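Sequence positions, counted from 1, serve as the residue numbers for this chain. Nothing here was measured: the structure is a model prediction, and the numbers come from that model.
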Amino acid sequence: MPRTPTRGVTVAPPGGGAKPAEANGSYPWDRFDPRWYFHQNYAELRDDDLEILRTVRDYFSAVLDPERPVERGVDVGAGSNLYPALTMVPFCRELTLLERGAANVAWLQEQRKGYSSVWDAYWQVLSEKPAYDRISDPREALLHKGRVEQGDLYQLPERRWDLATMFFVAESISDQVSEFKMAVGRFIGALRPGAPFAAAFMHDSAGYYVDRLRFPAVAVNEVDIAETLAPLVEDLDIRAIRSHKPLRDGYAGMIVALGKAGRTRA
């Protein structure tokens, strides 16, 4: 939905290639290859993803009650990453996987019907907490609760969802700071007041390649994220995530922001 999940691996294109100074709408999001991206990024559970997974798991377990699930959850820009959606499974009655790119939408539809065994390692980490462990069949739970929807982050409806994630999206769909801020604002604005959320960002990303296609990024750090989110949310908690073995060149780590949507309209 946002125009892609975006934590790709840098691969030098044939003959090099300069970073285009273009906004979100200038990139070929329908050509984003989710299978390539999935295998490059998530085939193994990395130490940084493990830390993010535990952080979000613990936060949702602390502020939500699986005995009283909220009505609607959403993963904005799900792309080829299922673990943000899995963190919400125990806590909502309905879960939307929202994505713009056509190939990503098709991949998500396949995974919803029966996801890859790769995600079992991620679920095992989640199930260390009782809210997740009580679910005997997470695949069936995702099939029952989940729905895949094609849409655009910049056109999200206001105040629709009660729980949300957005991983590696807002900073990775444009090279324009104004569009990054707009993406964050639209994300928070789509949540009901008080709705818990978790958002992840690449720290100081210089852009990335998916196979041979280059996609944009805005270089952000903890201060940028705090300044963008603080006027819009409550109980903001920002955490730096460092990796012992970086995923690729061209970024300085990852950042997770936790909190609840405020009453200020984005």
Side-chain angles (χ1 to χ4, degrees), residues 1-2 4-5 7 34-35 37-99 103-151 160-169 191 195-200 241 254 256 258:
M1 107 132 241
T4 176
R7 201 192 56 166
R35 299 182 192 282
Y37 188 88
F38 165 73
H39 286 294
Q40 291 289 335
N41 288 270
Y42 302 112
E44 296 182 4
L45 177 51
R46 296 166 42 82
D47 64 324
D48 41 19
D49 282 318
L50 176 61
E51 186 175 351
I52 293 170
L53 196 61
R54 287 173 172 164
T55 298
V56 177
R57 174 200 69 187
D58 293 353
Y59 175 64
F60 285 163
S61 294
V63 300
L64 295 161
D65 183 354
E67 296 290 347
R68 297 179 178 84
V70 300
E71 194 61 34
R72 299 184 184 91
V74 63
D75 181 26
V76 175
S80 51
N81 181 6
L82 276 193
Y83 83 73
L86 292 175
T87 66
M88 293 184 283
V89 164
F91 303 111
C92 56
R93 300 181 188 280
E94 176 186 294
L95 177 56
T96 300
L97 284 72
L98 203 55
E99 172 60 46
N104 286 337
V105 168
W107 185 90
L108 286 167
Q109 290 170 335
E110 292 175 5
Q111 294 290 299
R112 173 186 165 270
K113 295 174 183 177
Y115 60 72
S116 166
S117 60
V118 163
W119 301 111
D120 292 342
Y122 295 76
W123 184 261
Q124 184 175 356
V125 174
L126 293 174
S127 64
E128 292 170 3
K129 286 289 185 178
Y132 300 90
D133 187 52
R134 67 202 296 267
I135 297 176
S136 59
D137 189 343
R139 286 179 174 79
E140 180 62 28
L142 184 61
L143 176 62
H144 174 70
K145 296 184 178 186
R147 55 192 290 264
V148 178
E149 181 177 323
Q150 188 167 22
R160 178 175 177 180
W161 287 285
D162 310 292
L163 173 64
T165 55
M166 179 178 68
F167 278 35
F168 314 115
V169 177
L191 308 185
F197 71 87
I241 307 294
M254 301 176 190
V256 174
L258 311 168

query: Quick one: does Thr55's side chain get under 4.5 Å of Leu53's, heavy atoms only?
result: no

Requested in this report: Show the numbers, then the answer: is there a side-chain contact (heavy atoms from CB on, under 4.5 Å) between Val56 and Tyr83?
Outcome: CA-CA 10 Å; Val56 177; Tyr83 83 73; over 6 Å; no

So salt bridge (Lys or Arg N to Asp or Glu O under 4.0 Å) across residues 132-143, not counting sequence neighbours, yields Glu67-Arg134, Asp120-Arg139

*Does the side-chain contact (heavy atoms from CB on, under 4.5 Å) test come out yes or no for Glu110 and Tyr115, once each step is laid out?*
CA-CA 7 Å; Glu110 292 175 5; Tyr115 60 72; over 6 Å; no

CG (Leu82) and OH (Tyr42) are apart, to the nearest 0.5 Å, by 10.0 Å

**Prompt:** Taking the six-membered ring for Trp, are Trp119 and Phe38 ring centroids under 6.0 Å apart?
**Reply:** yes

| field | Arg72 side-chain N/O to Leu163 backbone N/O, donor-acceptor pair under 3.5 Å | value | no

_Backbone N/O of Val70 and side chain of Asp162: donor-acceptor pair under 3.5 Å_ = no

dist Asn41:CG -> Tyr37:OH (nearest 0.5 Å) comes out at 4.5 Å

Value for CG (Asp75) from OG1 (Thr165), rounded to nearest 0.5 Å, stands at 3.5 Å

So NZ of Lys129 and CZ of Phe60: to nearest 0.5 Å the spacing works out to 14.0 Å

Scanning both residues in full, the closest heavy-atom pair of Gly151 with Leu98 reads N-CD1, 4.3 Å

Any Trp107 side-chain heavy atom under 4.5 Å of Val148 side chain = no

Check your understanding: Below 4.5 Å, heavy atoms only, C-beta onward: do Phe167 and Ile52 meet side chain to side chain?
Key -> yes

Sequence neighbours excluded, the answer for side chain to side chain donor-acceptor pair (under 3.5 Å) partners of Glu71 is none

Atom pairs and distances, side-chain donor-acceptor, residues 86-96, under 3.5 Å, sequence neighbours left out:
| from | atom 1 | to | atom 2 | distance (Å) |
| --- | --- | --- | --- | --- |
| Thr87 | OG1 | Pro84 | O | 2.5 |
| Thr96 | OG1 | Arg147 | NH1 | 3.2 |

Note: Ala141 and Ile135 closest approach over all heavy atoms is CB-CG2, 4.0 Å

Run the numbers on Tyr132 and Arg57 for side-chain contact (heavy atoms from CB on, under 4.5 Å), then give the verdict.
CA-CA 9 Å; Tyr132 300 90; Arg57 174 200 69 187; 3.5 Å; yes

Rounding to 0.5 Å, atoms CG (Leu108) and OG (Ser80) come to a distance of 8.0 Å

query = Between the side chain of Gln111 and the main-chain N/O of Ser116, is any donor-acceptor distance below 3.5 Å?
reply = yes

Note: Ala121 and Leu45 closest approach over all heavy atoms is O-CD2, 4.0 Å

- Side chain of Arg112, backbone of Gly146: donor and acceptor closer than 3.5 Å? yes

